[in-house]
Amino acid sequence: MTIFLLTFGLFLLVVVAMAAGYILQRKTLAGSCGGLGELNIEKACDCDKPCEKRQKRLDKEKFWQENKII
């Protein structure tokens, strides 16, 4: 039982440390391959102007990219 508690505590400590790093860096989650951005595709739909919801999301992404710590 002692080994289980020590192991659980260690894993819990690692998860808390990763969560704190994520929160402090204020980064969005991103895939490792780059997705459609690597193919120079801005959007997946055929519309000329994005809908209001998507435009807000794009503005938010732009704000985060301009204010990154690194």
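Position 1 is the first residue of the sequence; numbering continues from there. Model, not experiment: these values are computed from the prediction.
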Exercise for the section: Kindly give the cluster partners of V14, where membership spreads through any ILVMFWY side chain lying under 4.5 Å from a current member. Expected result: M18

Practice task
Output all residues satisfying side-chain contact (heavy atoms from CB on, under 4.5 Å) with T2, sequence neighbours left out; order by chain, then residue number.
Solution key: L6

Handout entry: Contacts of D59 that satisfy side chain to side chain donor-acceptor pair (under 3.5 Å) - sequence neighbours left out
Key = Q55

Exercise for the section: Please check if atom CD1 in I3 has more than 12 non-hydrogen atoms from other residues, nucleotides or ligands closer than 6.0 Å. Expected result: no

Problem - Residue list, salt bridge (charged side-chain N to carboxylate O under 4.0 Å, His left out) with E52, at least two apart or on another chain - result: K56

Handout entry: Heavy-atom side-chain contact between R54 and R57 under 4.5 Å
Key = yes

